[in-house]
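Shown next, in structure tokens, is the structure this report addresses.
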2 protein chains.
Amino acid sequence: MEKQIIEYLSKYTVITKELENAITESAFFKNYKKGDILLKEGGFSNECYFILEGCIRSYFLKDGEEKTIEFYTEEQVVTPANYAKSIPSKYYLECIEDTVLNVGNPALEKEMFDKYPQLESLSRVIAEIVIANHQETFTEFKTSTPEERYLYMLKTRPDLMQRASQYQIASYLGMKPESLSRIRKRLMKK
Amino acid sequence: MEKQIIEYLSKYTVITKELENAITESAFFKNYKKGDILLKEGGFSNECYFILEGCIRSYFLKDGEEKTIEFYTEEQVVTPANYAKSIPSKYYLECIEDTVLNVGNPALEKEMFDKYPQLESLSRVIAEIVIANHQETFTEFKTSTPEERYLYMLKTRPDLMQRASQYQIASYLGMKPESLSRIRKRLMKK
DNA sequence: TTAACTCATTGACTTAAGTTAAGAAATTAA
DNA sequence: TTAATTTCTTAACTTAAGTCAATGAGTTAA
């Protein structure tokens with residue numbers, strides 16, 4: 001179980017045996033059931049997550065509808081925007097499958113960063129990769145039609161098509177469920 | 001001139017006199033004219049920038065049209081996605097005004113991070129803030145109509161309305177220049 | 001096993017963005 | 001200062017997404 005985290009980090013840099021042990025020993029896990037809410041809109045957060053198994057969806061309510069912000073799956077880090085801050089969350093975090101998480105907190109994070117500066121350095125590098133990836137996704141979104149966005153998602157995150165419901169996917173793609181239904185029908189014929 | 005960088009960093013943490021001096025002494029500036037290209041699509045980059053004055057636009061070509069990815073203005077950091085990597089850039093960086101930049105490079109960055117770990121720590125913190133801000137912008141974009149997106153930009157980045165041309169703003173907002181023109185006309189009447 | 005509920009599909013209609021093309025306005029260069 | 005070029009606006013038309021409403025399919029719970 002701990003291995004997954006080490007494997008993930010090892011993609012970016014060499015993890016010394018010492019650091020590996022420190023991470024393994026301090027690792028803390030939690031299990032959630034499908035439908036469990038990790039964070040509520042208006043709530044506070046002192047936890048960040050690394051997904052070992054399962055899927056988390058972030059969403060908020062607008063005009064009485066759920067608007068999906070993001071889907072997080074295996075090997076992804078979820079840091080609530082209000083993590084370690086005393087401001088209320090703007091969104092929900094919900095497990096849309098049974099989910100196993102590695103859970104972090106500000107105190108542990110600080111302790112680890114102080115003890116192993118290379119870990120904070122690695123976090124910076126990963127954060128910058130996340131920024132670059134995010135910008136690419138956003139750009140793709142802005143320059144595409146709803147149909148193209150659906151096709152792009154099919155190509156880049158095909159697993160989500162099975163894991164999430166259509167109305168969740170629709171709002172993630174910035175469209176109405178009816179439109180997604182029609183797009184799928186249209187593409188069937190081709 | 002150096003003061004701006006120190007002021008910017010001081011928003012997030014206390015900058016010791018020693019670090020301030022190190023930053024000030026190693027700071028390197030460049031001046032550009034309106035229209036100058038900092039990076040070409042397909043080109044390589046070993047520079048990152050902190051904008052002291054002016055405006056940089058990132059864009060690429062799709063279907064023969066310029067698609068604006070982002071506008072960067074005073075106090076913003078521009079790190080090309082291929083910075084310090086041997087992969088070609090997917091986009092252009094263009095000064096849309098006369099611009100004054102503080103220029104960084106991988107070697108200097110490494111030297112400073114090694115000497116002042118708190119600077120790398122700060123970079124991580126800022127990177128995470130950038131991620132949170134970016135996600136909020138993307139979410140706002142996804143859940144809004146083109147007209148709402150225009151109004152949102154008017155509210156959050158009013159200066160850009162003067163600094164960039166309409167076709168640049170239109171593609172930044174994910175619409176055609178004709179649509180932006182019509183939206184503006186529609187809003188005039190209200 | 002049925003009843004209740006949620007989710008997905010379909011159809012008719014409305015609305016606004018895309019497309020194409022022309023011309024006006026503004027900017028830049030000769 | 002004029003000519004050339006670029007940018008912006010407008011109009012007519014096409015296309016597809018949003019809206020509203022009904023129905024069908026699938027899931028969950030009594």
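It should be emphasised that the depicted structure is a prediction, and the values quoted were computed from it without experimental measurement. Just so we're on the same page: letters track the sequence lines, and every chain starts at 1. These numbers come from the heavy atoms of this one structure, side chains and all, not from hydrogens, waters or symmetry mates.
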Query raised in the report: For A:Y172, which of A:L180, A:I69, A:T68 qualifies under side-chain contact (heavy atoms from CB on, under 4.5 Å)?
Result: A:T68
Query raised in the report: Do A:D98 side-chain atoms and A:K34 backbone N/O form a donor-acceptor pair below 3.5 Å?
Result: yes
Query raised in the report: What is the ring orientation for B:F141 with A:F141, classed by angle as parallel under 30°, tilted 30 to 60°, or perpendicular over 60°?
Result: perpendicular
Report task. At under 4.0 Å between heavy atoms, which parts of nucleotides 17-27 of chain D does protein reach? Answer with one letter per nucleotide, 5' to 3': B base, S sugar-phosphate only, - none. Result -> SBBB-------
Query raised in the report: Checking A:S121 side chain against A:P117 main chain: does a donor-acceptor pair fall under 3.5 Å?
Result: no
Query raised in the report: With side chains defined as the heavy atoms from C-beta onward, is the minimum distance between A:K67 and A:Y59 less than 4.5 Å?
Result: no
Query - Nearest non-hydrogen partners of A:L9 and A:I15, listed with the distance - result: CB-CD1, 3.7 Å
Report summary line: B:C55 and B:L160 have their tightest heavy-atom pair at SG-CD2, 4.1 Å
Report summary line: 5'-most to 3'-most nt of DNA chain C touching chain A (<4.0 Å, heavy-atom partner on protein side) reads C:dC7 to C:dA12
